[in-house]
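Shown next, in structure tokens, is the structure this report addresses.
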Amino acid sequence: MDRAKQQQALLLLPICLALTFSLTAVVSSHWCEGTRRVVKPLCQDQPGGQHCIHFKRDNSSNGRMDNNSQAVLYIWELGDDKFIQRGFHVGLWQSCEESLNGEDEKCRSFWSVVPAEEQGVLWLSIGGEVLDIVLILTSAILLGSRVSCRSPGFDWLRVDALVAIFMVLAGLLGMVAHMMYTTIFQITVNLGPEDWKPQTWDYGWSYCLAWGSFALCLAVSVTAMSRFTAARLEFTEKQQAQNGSRHSQHSFLEPEASESIWKTGAAPCPAEQAFRNVSGHLPPGAPGKVSIC
């Protein structure tokens, strides 16, 4: 493999890495992470539990509270002790919240908490992410065929130009999609249902992967465009050099041809024959002497 093929193979690695980052970010649900403040449930079914409110009834016989009972409950937790912090994480498709025991998670669709007037923007964000993946995949296929195939009759410089264009479009689409999702999430935090609103939140690792894919797309696009420009200039210089050498060879052959024609046309002839021909064409009464130089 020559040096150009090695450089193209190295350029294929960040494209595959950007594709992996984008796919992982789209299918995961860790774009945003945080905590929710929820009220502890009563310790009815789990006496002595740590994540529930302990209470005492003044007239209890069997240790369980009846729904129709008028017993007075004495709750010992006051203020912030009545609440518990639950971790949650949100992605493009679903929002998950950890359970009280911390062993499993309870997930629901992110569409169910997004305000109705903002769901169209969420669709645009998901469409931008999917189109971003399609453009990166197309660039990977084109550059892979550029590395593996050897066809001298095909204009491979156009493939390099297409890779640069597709990658910059993928990066820009991904950037717009990320910003739209960020806006939708912030609106949902302010206008969403009360049983979902987080108390604290921050961006997760999926969000970082999405922006990492954006950075790789722009870097690959700049590198591919610079290589295309350099190869195009080199190809143009070679063409100009070939045309110049052909023109110089043509100019060198023309004097030789004219000199050979001059030599064949200027063959000497006997002097008597020349005088005879000239005197034969003289008009009557003209002097017979003719000087030829």
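We use all heavy atoms of the structure for the numbers below, so side chains are in, but hydrogens, waters and symmetry mates are not.
Residues satisfying the side-chain contact (heavy atoms from CB on, under 4.5 Å) criterion with L169, sequence neighbours excluded, are L135, I165. Remark: W111 pairs with W123 by the ring pair (Phe, Tyr, Trp, His ring centres under 6.0 Å) rule, at least two apart or across chains. Not counting sequence neighbours, the partners of S206 by the side-chain contact (heavy atoms from CB on, under 4.5 Å) test are S28, H30, W31. Considering only residues two or more places apart in sequence or on other chains, C107 meets the disulfide bond (SG atoms under 2.5 Å apart) condition with C96. Scanning for ring pair (Phe, Tyr, Trp, His ring centres under 6.0 Å) contacts around F214 gives W211, with sequence neighbours left out. In this structure, E118 has no salt bridge (charged side-chain N to carboxylate O under 4.0 Å, His left out) partners at least two apart in sequence or on a different chain. Taking P14 as the reference, L216, V220 meet the side-chain contact (heavy atoms from CB on, under 4.5 Å) condition, with sequence neighbours excluded. Residues satisfying the side-chain contact (heavy atoms from CB on, under 4.5 Å) test with T138, not counting sequence neighbours, are V134, L142, F166. Remark: R227 engages no residue in a salt bridge (charged side-chain N to carboxylate O under 4.0 Å, His left out) (not counting sequence neighbours).
At least one side-chain heavy atom of C217 sits under 4.5 Å from a side-chain heavy atom of M167. Side-chain contact between F110 and L92 is absent, with no heavy-atom pair separated by less than 4.5 Å.
Looking at E105, its side chain never comes within 3.5 Å of a backbone N or O of E98 through a donor-acceptor pair. Of the possible polar contacts, one joining the S226 side chain to the T223 backbone as a donor-acceptor pair under 3.5 Å is found. For S221 (side chain) and A164 (main-chain N/O), a donor-acceptor pair under 3.5 Å exists by modelled atom type. At distances below 3.5 Å, not a single donor-acceptor pair connects side-chain atoms of S125 with backbone N or O atoms of V121.
Every pair passing salt bridge (Lys or Arg N to Asp or Glu O under 4.0 Å) that includes a residue from residues 195-205 is listed here, sequence neighbours excluded: R108-D195, E194-K197. Applying the salt bridge (Lys or Arg N to Asp or Glu O under 4.0 Å) test to every pair with at least one member in residues 24-36, sequence neighbours left out, gives these pairs: R36-E97. Within the structure, every pair that satisfies the side chain to side chain donor-acceptor pair (under 3.5 Å) test and touches residues 176-187, not counting sequence neighbours, is listed here: E129-H178, T182-Y207.
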Full working for ring-ring contact (aromatic ring centres under 6.0 Å, His included) between W201 and F185: CA-CA 11 Å; W201 65 274; F185 181 79; 4.9 Å; yes

Begin with the C-alpha distance, continue with both residues' side-chain angles, and end with the deciding distance and a verdict on side chain to side chain contact (heavy atoms under 4.5 Å, CB included) for V27 and L23. CA-CA 6 Å; V27 300; L23 284 173; 5.7 Å; no

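Between the side chains of W93 and S29, not a single donor N or O lies within less than 3.5 Å of an accepting N or O.
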